[in-house]
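Order of the sequence lines sets the chain letters (A, B, ...), proteins ahead of strands, with each chain counted from 1. Below, each value reflects all heavy atoms present in this structure, side chains not excepted, and no hydrogens, waters or symmetry copies. All values reported here derive from a predicted model rather than from experimental measurement.
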Amino acid sequence: MEHRFEQATGQLIVRMPREVDHHSSGQLKQETEALMGRYPVRGLVFDFRDTVFMDSSGIGVILGRCRNLRFAGGRTRAIHLNRQIQKIFQISGLHKVIDVEL
Amino acid sequence: MVRKEMKMEFTSQSENEGFARVAVGAFIAGLNPTVDELADVKTAVSEAVTNAIIHGYDQKEGKIFITCQVAENQVEICVIDTGCGIADIEKAKEPLYTTRPELERSGMGFTFMEAFMDEVWVASRVGEGTRVTMRKRIGKA
């Protein structure tokens with residue numbers, strides 16, 4: 001997984017793992033928090049291009065980071081969602097909380 | 001009517017979440033599920049197994065049992081743990097409800113199982129364990 005921070009736009013792009021479940025979400029959360037502490041993040045982008053599976057564990061990770069960033073006035077987006085992940089977003093209502101681009 | 005059955009048993013480490021959903025997915029492949037149906041079943045299994053690991057066993061070691069039956073175009077999956085059990089099942093099923101807010105989880109586990117499967121039953125006894133039974137018809141269209 002290669003996350004990256006774009007200085008010019010203040011965007012942190014988080015490359016989501018292949019499978020986002022309880023097992024992978026702990027590390028994902030730690031990595032994202034560490035980067036948010038290190039850089040002046042103004043926007044957070046969860047990039048699902050490599051992700052083939054996500055369960056409700058992913059929602060906690062995304063919502064938690066989204067809330068933290070919102071206190072600082074930043075926006076969160078999710079990009080490159082496959083159908084299964086779109087469905088997860090819809091059922092959980094996450095698509096109403098953060099911006100989604102397919 | 002041909003009835004196929006499988007049983008599996010594994011320890012409650014989070015590494016096994018992926019193994020469990022993939023194994024169930026492979027077992028039901030004979031029903032020729034669509035990509036979406038397969039994803040639905042895998043998600044529901046992942047939710048039930050994760051609940052057993054986090055809540056049933058409180059992340060300590062225990063055994064998780066899965067039985068899976070297919071008959072005609074229906075699959076029935078039971079995910080069983082012998083952990084702490086659920087005191088209030090109706091409460092546990094409420095969307096966004098969680099007994100472990102510090103883990104920053106969504107409280108959507110049962111909601112997802114119910115959304116992705118046709119029927120979900122939960123039987124539980126405090127101190128003895130929990131059994132989640134889920135059914136789904138494959139190839140409804």
Side-chain angles (χ1 to χ4, degrees), chain A residues 1 14 16-34 36-37 44 46 48 50-71 76 78 80-98 102, chain B residues 10-22 24-25 33-59 64 79 92-117:
Chain A
M1 262 180 296
V14 177
M16 298 297 269
R18 194 178 144 76
E19 305 207 312
V20 184
D21 61 5
H22 162 240
H23 180 60
S24 65
S25 63
Q27 191 189 342
L28 176 65
K29 190 153 80 178
Q30 279 176 10
E31 288 172 356
T32 310
E33 285 288 295
M36 289 174 78
L44 186 56
F46 290 103
F48 287 87
D50 305 318
T51 307
V52 296
F53 177 85
M54 180 167 110
D55 68 17
S56 72
S57 308
I59 297 167
V61 177
I62 295 170
L63 267 184
R65 308 291 79 69
C66 170
R67 281 195 196 112
N68 293 352
L69 188 62
R70 198 173 280 170
F71 287 126
T76 303
H80 301 127
L81 278 62
N82 75 12
R83 274 156 58 117
Q84 190 250 348
I85 298 164
Q86 286 172 45
K87 205 163 163 182
I88 299 279
F89 270 60
Q90 263 159 19
I91 292 167
S92 63
L94 204 53
H95 65 300
K96 294 181 194 156
V97 182
I98 68 172
L102 306 184
Chain B
F10 51 93
T11 46
S12 60
Q13 286 100 356
S14 64
E15 292 95 311
N16 285 333
E17 292 157 6
F19 162 70
R21 61 180 178 259
V22 168
V24 171
T34 62
V35 173
D36 287 355
E37 286 168 338
L38 193 57
D40 289 352
V41 170
K42 281 184 176 176
T43 308
V45 170
S46 198
E47 299 296 346
V49 170
T50 302
N51 273 353
I53 292 173
I54 295 181
H55 301 290
Y57 292 119
D58 193 13
Q59 317 205 60
I64 297 171
V79 178
K93 286 168 115 177
E94 282 175 15
L96 308 179
Y97 177 79
T98 179
T99 52
R100 306 291 304 273
E102 77 284 7
L103 293 180
E104 208 178 53
R105 301 189 50 78
S106 62
M108 297 291 285
F110 280 120
T111 307
F112 274 26
M113 290 179 234
E114 285 172 343
F116 290 122
M117 302 295 280

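A:Ile91 approaches B:Phe112 most closely through the heavy-atom pair CG2-CE1, 3.8 Å. The shortest non-hydrogen separation linking A:Gly60 to B:Ser106 is N-CB, 4.1 Å.
Residues of residues 15-22 of chain B placed with any heavy atom under 4.5 Å of a heavy atom in chain A are listed by number as B:Glu15, B:Glu17, B:Gly18, B:Arg21.
Residue with the most contacts toward chain A among B:Thr98, B:Ile54, B:Thr111: B:Ile54 (heavy-atom pairs, distance under 4.5 Å). The residue among A:Leu94, A:Ile59, A:Val61 with the most heavy atom pairs within less than 4.5 Å of chain B is A:Ile59.
Looking at A:Ile62, there are no atoms closer than 4.5 Å to chain B (heavy atoms on both sides), in backbone or side chain. Contact annotation for B:Gln59: only side-chain heavy atoms (C-beta onward) come within less than 4.5 Å of a heavy atom of chain A. For chain B, no part of A:Leu63 is nearby; none of its heavy atoms comes within less than 4.5 Å.
Within a 6.0 Å sphere centred on CZ of A:Arg83, heavy atoms belonging to other residues, nucleotides or ligands number 12 at most.
Salt bridge annotation for B:Asp40-A:Lys87: present, with a cationic side-chain nitrogen under 4.0 angstrom from a carboxylate oxygen.
By the side-chain contact (heavy atoms from CB on, under 4.5 Å) test, B:Ala39 is found to be paired with A:Gln84, residues two or more places apart in sequence or in another chain being considered.
A donor-acceptor contact closer than 3.5 angstrom is absent between the side chains of A:His22 and B:Thr50.
Note that CE of B:Met113 is 10.0 Å distant from CG of A:Asp55, once rounded to the nearest 0.5 Å.
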